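These notes concern the structure reproduced below.
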Amino acid sequence: MLSLGPLAFASPWLLAGLIALPAIWLLIRITPPAPRTVAFPAIRLLYGLQSPEETPDRTPWWLLLLRLLFAALVILALAQPLIGAKQELEGSGPVVIVVDNGWAAAPGWPERKAAALELIERTERAGRAIAVFPTAFSDSAALERGGLMAPEAARTFVNGLAPQPWAGVPSVAAERIEAAPIERPASVFWLTDGVEDAEDAALAERLIRFGALTVYEGGQQPMALTARIGDGNALTARVTRLNAGAQEIVNIRAVATDGRVLTRTTATFAEGEPAAEVDVELPLELRNELARLELVDLPGAASVALLDESFRRRPVGLVAGTGFADSQPLLEEMFFIDRALSPFSEVSRGTLAEFLERDISVIALPDTGLLPPSEKQQLFDWVEKGGTLVRFAGPRLAAASLENRGLGESELLPVRLRGGDRSLGGVLSWSEPAALAPFDGETPFADLPDYDNVLIYKQVLAEPSIELADRTWASLADGTPIVTAAARGDGRIVLFHTTANTDWSDLSLSGAFVEMLRRIVAVSAGVGQRADGGTAAPVETLDGFGQLVSPPASARAISFLKGEAAAVNHEHPPGYYGSELSRTAVNLGPEAAKMAPLAALPGGTARVSYGGGDELDLAPWALSAAVLLLLADFVITLVMRGLVPGVGNARVRETAAILLLGTALAAAPAAVQAQNIISSGAPMSEEERWIMRAALATRLAYVITGDREVDEISRSGLSNLTEILTQRTAVEPLEPMAVDVEVDELSLFPLLYWPVTEAQNDLTPNGVARLNLYMRNGGTLFFDTRDRIDSGSGAGPGLQRLRALTRELDIPALAPVPENHVLTKTFYLLESFPGRYEGGRLYVQQDEGDRSSEVSPVIVGSHDWAAAWAKSDDGFYQFPVVPGGEIQREMALRSGVNLVMYMLTGNYKADQVHVPAILERLGQ
């Protein structure tokens with residue numbers, strides 16, 4: 001490499017071609033005169049004997065300079081000029097590149113990848129061998145990858161590398177390096193992720209034995225995100241960073257199961273603090289839809305906290321009542337609780353013993369006096385572990401408190417109760433039913449509206465105490481508590497001081513009852529489905545960039561040990577485990593939060609930073625400028641030789657040539673920049689080209705059936721319909737495209753014409769899912785069974801095949817196109833929709849014509865429309881139409897026009913049903 005200040009040449013020996021510029025100058029000096037046409041007879045030659053103009057036999061100096069500049073640019077481009085070129089690699093042995101591609105590499109992966117490719121480029125220019133070793137492997141087969149390879153193979157290998165959602169294994173990488181046939185001394189480069197590993201020191205010691213070790217560090221640092229249920233059942237996000245530096249703000253977003261962003265928030269790192277916390281506030285309606293928290297603009301498996309059922313699922317157990325109550329459901333307390341909780345909770349009924357053996361979030365206990373000692377102790381233990389016990393007062397609890405002179409907190413109550421009950425006409429009575437007081441204070445009921453129409457007739461009273469005010473969640477207008485609660489360990493006990501049915505109040509008939517129970521369930525602790533000591537298979541796992549994908553082949557079922565978090569590695573990647581209906585989240589965040597910066601490296605190790613200056617290749621710029629100069633030279637030569645009409649004498653021709661040269665030079669920078677952009681971008685794949693063709697213009701599409709003859713008829717028919725649309729309407733579609741419903745992107749086409757054939761294969765589950773999604777998103781499938789001539793008045797073979805083909809598709813109820821349906825008037829006024837045949841019916845979604853904007857997702861007919869539209873190469877229609885001849889063919893074309901306009905414009909012409917009334921009003 002030859003360096004001239006900031007400019008360097010990767011192939012400097014090609015600059016020797018500049019010596020040939022003088023010889024080139026001698027060759028291009030002469031411009032032969034253009035041949036001239038002279039009119040006959042010979043007397044005409046006398047007028048040209050003394051020409052006022054002479055054709056020069058030498059090229060103008062500025063044109064010579066233009067051609068010399070062209071030759072110089074070509075030579076310079078071949079010499080590969082570079083600005084900011086890296087220094088030559090020291091030594092002559094192979095180059096060893098070790099790439100950290102564990103979870104911590106994901107945020108700065110573009111920098112790491114660019115550094116590796118730049119090292120490969122420098123190695124290739126130096127003509128040295130190269131070896132690449134990743135530190136994180138996906139499975140045992142991947143251990144055989146890496147090692148010595150050609151530069152082009154190394155470039156392909158690095159482009160195929162991706163960060164893994166688990167930590168690297170430096171010891172395995174070290175063993176692979178030791179086993180590789182690498183001659184010493186070598187130049188070793190370690191592209192670190194900046195996170196300390198217990199085996200990093202051993203890896204560095206091994207690397208430095210091969211030769212000079214250079215460590216790349218810095219760049220985008222990783223962060224770890226974890227989520228937990230905090231105080232007051234708030235969802236708390238905790239972010240941990242690698243280096244505790246200056247104050248920093250990170251953005252967090254909460255994402256639903258369908259990908260919607262539910263809310264955004266920010267966490268702020270205080271200066272010198274390695275962690276920051278923030279509560280993610282969401283309405284109760286959205287809390288259960290939450291699927292994940294993620295750091296914005298920081299990809300990686302550690303930047304995502306997956307949320308499972310323990311964050312949102314709140315199963316409620318209703319303790320079964322007596323046999324008499326079961327026979328009278330409208331009098332049963334659990335009936336009202338069930339009705340209030342069922343819309344938003346998983347409610348089940350059973351015995352107390354059954355619930356204590358299951359994972360349950362809330363237990364609702366009807367009116368009960370004294371509990372058996374064994375059950376009472378089990379309930380104590382369950383509540384202290386995080387359960388929520390909801391109790392309701394009633395005659396039994398009132399009688400028990402009277403008999404025992406009041407019940408205390410030892411009886412699983414949030415407050416001490418007075419003996420007996422307070423009722424209308426009793427000793428402790430009020431003259432009229434009491435209403436609920438407004439909800440206030442810092443309780444789960446704080447933002448509920450006032451319910452003045454709720455009246456309480458009876459209640460059990462709480463003994464006055466210092467804690468009573470703090471334990472009161474709701475009270476009556478006279479200040480007596482109606483709902484109290486108290487924490488017990490990690491759980492809580494909630495008591496309604498009245499019944500859950502209508503015996504003592506009409507609370508159970510009001511919206512207040514629903515909202516109260518809903519808030520209580522919402523603040524309870526969720527539970528997961530996994531059992532301690534059980535195993536669960538992977539359902540979906542995170543890739544290195546934090547996206548959910550199908551589990552890799554190396555993923556295995558995970559065992560959940562009691563009190564221990566599942567270890568994350570290549571056999572147990574982070575993600576969801578269990579089943580589609582019951583998932584348990586395994587996150588990388590808790591493990592990644594323990595990260596520490598890379599420790600001291602062995603002496604003699606060189607440290608460099610990622611992104612320490614990029615090389616700029618000037619070859620594309622030089623070649624682009626040379627091409628422009630060559631085009632300018634061609635046009636100027638034509639002008640100067642008099643081969644451009646309208647340019648007369650030599651002076652005019654030379655002036656025009658100079659103007660052309662100036663225009664070309666002025667346009668050169670923009671063209672060169674465009675060439676540089678094109679040259680730097682990756683070429684589009686066939687799939688990308690197909691998508692570009694479909695997306696950049698409106699096109700009709702037909703489904704590939706596998707029958708070449710039928711597919712060609714579909715193509716020809718839609719092609720002719722495209723011409724008709726262009727001639728008669730404002731729609732100007734391009735040539736139709738063939739679509740494979742199992743592979744191709746369907747959302748680019750508003751309608752798919754689907755001719756049904758006997759030989760068509762059944763749809764795969766993937767095809768069914770794609771077609772259902774297409775129809776839900778507004779696409780229309782136009783099934784043409786093409787069997788009208790065979791079916792008569794019954795179901796033909798095409799319709800029978802269609803039923804088998806679409807048995808798993810989510811197709812709505814269909815009905816014949818009704819009179820005055822919008823499809824009959826989108827462009828032409830039609831009463832029927834004939835094709836090659838006529839007499840059958842066209843089916844659309846039932847009642848669809850009454851909607852204001854939707855288009856039927858399915859249209860079914862049997863008239864073989866494509867055959868009626870299809871033309872041969874000589875421009876004649878291929879098939880006869882029966883029985884109506886060419887008039888029927890015209891109606892078939894009009895049917896196609898109406899169909900296309902219908903799918904493109906929707907039901908916009910449905911408002912024409914009001915035209916008669918409007919005309920009548922105008923006539924008045």
Side-chain angles (χ1 to χ4, degrees), residues 1 8-11 77-102 105-106 108-138 141-164 168 173 176-177 180-183 186-193 207 210-211 214-216 219 543-545 608 610-620 623 675-686 688:
M1 180 182 293
F9 294 91
S11 304
L78 294 177
Q80 197 174 353
L82 304 170
I83 290 182
K86 304 290 185 180
Q87 294 296 321
E88 290 286 348
L89 298 174
E90 297 180 359
S92 57
V95 174
V96 179
I97 303 176
V98 180
V99 183
D100 278 350
N101 63 322
W109 185 249
E111 301 170 330
R112 222 160 261 102
K113 184 177 179 179
L117 293 175
E118 181 260 328
L119 286 172
I120 294 172
E121 183 72 21
R122 293 166 62 188
T123 304
E124 184 178 23
R125 291 201 298 258
R128 297 167 63 178
I130 191 168
V132 182
F133 297 95
T135 59
F137 306 101
S138 58
L143 298 179
E144 301 303 322
R145 301 184 66 184
L148 284 169
M149 59 189 77
E152 189 59 35
R155 190 175 290 108
T156 302
F157 178 68
V158 169
N159 282 324
L161 275 181
Q164 302 296 336
R176 292 290 301 146
I177 296 170
I182 301 175
E183 298 180 1
S187 299
V188 185
F189 297 88
W190 183 10
L191 310 183
T192 69
D193 53 23
L207 293 179
F210 285 89
T214 302
V215 174
Y216 280 71
D543 63 10
F545 294 107
V608 295
Y610 290 107
D614 296 327
E615 293 182 346
L616 177 61
D617 189 357
L618 297 180
L623 285 176
Q675 172 64 25
N676 187 59
I677 294 174
I678 294 173
S679 64
S680 62
M684 288 192 299
S685 63
E686 281 297 325
E688 291 172 334

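Bear in mind the structure is a predicted one, so any value in this text is a computation, not a measurement. These numbers come from the heavy atoms of this one structure, side chains and all, not from hydrogens, waters or symmetry mates.
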request  = Under the side-chain contact (heavy atoms from CB on, under 4.5 Å) rule, collect the residues that match up with A180, sequence neighbours excluded.
outcome  = F133, I182

ask   = Cationic tip of R112 within the cone over Y610's six-membered ring, i.e. under 6.0 Å and within 45° of the normal?
value = yes

note = Across all chains, not counting sequence neighbours, the side-chain contact (heavy atoms from CB on, under 4.5 Å) partners of A154 are I120, I130, V132, M149

request  = Begin with the C-alpha distance, continue with both residues' side-chain angles, and end with the deciding distance and a verdict on side-chain contact (heavy atoms from CB on, under 4.5 Å) for V98 and I177.
outcome  = CA-CA 9 Å; V98 180; I177 296 170; 3.7 Å; yes

query = Could you state the interatomic distance from CZ (R155) to CD (E121), rounded to the nearest 0.5 Å?
reply = 5.5 Å

request  = Please round to the nearest 0.5 Å and tell me the distance separating atom CD of E124 and atom CG of L117.
outcome  = 11.5 Å

key: Check: D100/T135 side-chain N/O donor and acceptor closer than 3.5 Å   = yes

request  = Rounded to the nearest 0.5 Å, what's the gap from CZ on F189 to OH on Y216? Could you check?
outcome  = 6.0 Å

inquiry  = Quick one: does any side-chain atom of R128 pair with a main-chain N or O of G93 as donor and acceptor, under 3.5 Å?
reply    = yes

remark   = For A186 and P94, the nearest pair of non-hydrogen atoms, with its separation, is CB-O, 3.2 Å

request  = For A106 and G544, work out which heavy atoms get closest and say how close.
outcome  = CB-O, 3.2 Å

query = Which value, rounded to the nearest 0.5 Å, describes the distance between W190 atom CH2 and L207 atom CG?
reply = 6.5 Å

query = Nearest heavy-atom pair of A162 and N101: which atoms, and what distance?
reply = O-ND2, 3.6 Å

query = So, for A173 and P134, which heavy atoms are closest and what is the spacing to 0.1 Å?
reply = CB-O, 3.8 Å

request  = Test K113 against every option in N159, L161, V99 by the side chain to side chain contact (heavy atoms under 4.5 Å, CB included) rule and name the one that passes.
outcome  = N159

inquiry  = For a quick test of reading the model, state the closest non-hydrogen atom pair linking A136 to Q164 and the distance between them.
reply    = CB-CG, 4.0 Å

